[in-house]
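A short worksheet on the structure shown next.
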2 protein chains.
Amino acid sequence: MEETLIPTALCPKVEHAFEILGKKWTGLILRHLMTKTCRFNEIQDAIPELSGRMLTERMKELEAEGIVIRTVIPERPIKIQYSLTDKGRQLEPVIRSIEEWAELQD
Amino acid sequence: MEETLIPTALCPKVEHAFEILGKKWTGLILRHLMTKTCRFNEIQDAIPELSGRMLTERMKELEAEGIVIRTVIPERPIKIQYSLTDKGRQLEPVIRSIEEWAELQD
DNA sequence: GTTTTTTAATTACTTTTAGTAACCTAAATA
DNA sequence: TATTTAGGTTACTAAAAGTAATTAAAAAAC
């Protein structure tokens, strides 16, 4: 028997959100940035298993998504600051609810 | 200068939570299971880009985590039902907050 | 009463993503 | 002068995900 399928396509916004959060390290990086503006190495120190290579890659992605801003502080020495945009700060309930769930577990 | 570092280790529970949610497809699968108990192919149909191979793998992981229960319905023909455990249902605020954030985006 | 379809997978193989380690430049510190 | 620090990049390896073919057991179609 043949059937005409009009597949209930997933909403692209929701799909995209899960795509961003579904990448390794993204959640933990955002969690750290929730508390304060951070320098590159601060994030690395906070998440020891995260390599510099991966952190660079994730920060570029998050910047491209408009979730994070990268700022060059033109002092001597030059510093790079990463902070959340409004869009990034709006992810706070997501990060908070994950942490709350985590704390409930045995 | 040398420094004695007592690294502020990430809480393992939180790390583990982000590890589970940080895998591709996990969020979308859980989102679908939030609404109802599902059969294997129902989930596949709801998420067309998700292959059977990946769905099998994720369901095994989620079962091992105690987030999902797999039930064999011994009727003719045999059916496999997947549903959330309490632990799984407690992830509802996580899934809901991701959806809410997604809907805010342009 | 064979053939085809459906369900819930498994297996083999390819591609993409992540991890490791070495290197880089400019400035700071020992 | 030599080493360290910050914030990366590059080349290579390992792990995760994607694709496609196969499977078994039952149901439906022919």
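Naming convention: chains lettered A, B, ... in sequence-line order (proteins, then strands); numbering from 1 in each chain. FYI, side chains are in, hydrogens and waters are out, and symmetry mates aren't considered; it's all heavy atoms of this structure.
Results of the side-chain contact (heavy atoms from CB on, under 4.5 Å) test with C38(B) over L84(B), I80(B), I43(B) single out I43(B) as the only residue that passes.
With sequence neighbours excluded, no residue forms a side chain to side chain donor-acceptor pair (under 3.5 Å) with E57(A). A search for side chain to side chain donor-acceptor pair (under 3.5 Å) contacts involving R96(A) returns E92(A), not counting sequence neighbours. With sequence neighbours excluded, no residue satisfies salt bridge (Lys or Arg N to Asp or Glu O under 4.0 Å) with E49(A). For E42(A), the side chain to side chain donor-acceptor pair (under 3.5 Å) partners two or more places apart in sequence, or in a different chain, are K36(A). Listed by chain and number, the residues in a side chain to side chain contact (heavy atoms under 4.5 Å, CB included) with K79(B) are R39(B), I73(B) (sequence neighbours excluded). Scored by the side chain to side chain contact (heavy atoms under 4.5 Å, CB included) test, E63(B) finds R70(B) as partners (sequence neighbours excluded).
Between the CZ atom of R39(B) and the C1' atom of dT6(C) there is a distance of 9 Å, rounded to whole Å. Atom C1' of nucleotide dA26(C) and atom CD of E75(A) are separated by 16 Å, given to the nearest angstrom. The CD1 atom of I47(B) sits 16 Å away from the C1' atom of dG18(D) (whole-angstrom rounding). Counting to the nearest Å, the C1' atom of dT16(C) and the CE atom of M54(B) are 12 Å from each other. Distance CE (M59(B)) to P (dA9(C)): 9 Å, rounded to an integer number of Å. Taking atom CG on L55(B) and atom C1' on dA9(C), their separation rounds to 10 Å, with Å as the unit. Rounded to a whole Å, the CG atom of N41(B) is 9 Å from the P atom of dA9(C). Counting to the nearest Å, the P atom of dT11(C) and the CD atom of E57(B) are 13 Å from each other.
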Would you mind writing out the side-chain donor-acceptor pairs for residues 16-29 of chain B within the sub-3.5 Å range, not counting sequence neighbours?
unit_1, atom_1, unit_2, atom_2, d
H16(B), NE2, E65(B), OE2, 3.0
T26(B), OG1, K23(B), O, 3.4

Less than 3.5 Å apart, which donor and acceptor atoms pair up between the side chains of residues 99-106 of chain A and the rest of the protein, not counting sequence neighbours?
unit_1, atom_1, unit_2, atom_2, d
E99(A), OE1, R31(A), NE, 3.4
E99(A), OE1, R31(A), NH2, 3.4
E99(A), OE2, R31(A), NE, 3.4
W101(A), NE1, K87(B), O, 2.9
Q105(A), NE2, W101(A), O, 2.9

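Atom OG1 of T35(B) and atom CD1 of I95(B) lie 11.5 Å apart (nearest 0.5 Å). Between L50(A) atom CG and D45(A) atom CG the span is 10.5 Å, to the nearest 0.5 Å.
Across all strands shown, E49(A) has no heavy atoms under 4.0 Å from either base or sugar-phosphate atoms.
OP1 or OP2 of dG18(D) has at least one side-chain nitrogen or oxygen of K24(B) nearer than 4.0 Å. Contact between the side-chain N/O atoms of W25(A) and the OP1/OP2 oxygens of dT17(C) is not found at any separation under 4.0 Å.
Toward the 5' end of DNA chain C, the nearer of the two residues G22(A) and Q81(B), judged by each one's closest nucleotide, is Q81(B).
Candidate nucleotides dA17(D), dT17(C), dT7(C) were compared by shortest atom distance to the side chain of R58(B), and dA17(D) ranks first.
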Once each nucleotide of nucleotides 8-14 of chain D is scored for protein heavy atoms under 4.0 Å, what B/S/- sequence comes out, 5' to 3'? SBBB---
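Of the residues in residues 28-38 of chain A, not one comes within less than 4.0 Å of DNA chain C through any heavy atom.
Under the 4.5 Å side-chain criterion, counting only non-hydrogen atoms from C-beta, L91(A) is in contact with M34(A).
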Look for any protein N or O under 3.5 Å of an N or O in nucleotides 25-27 of chain D and output each such pair with its distance, or none.
none

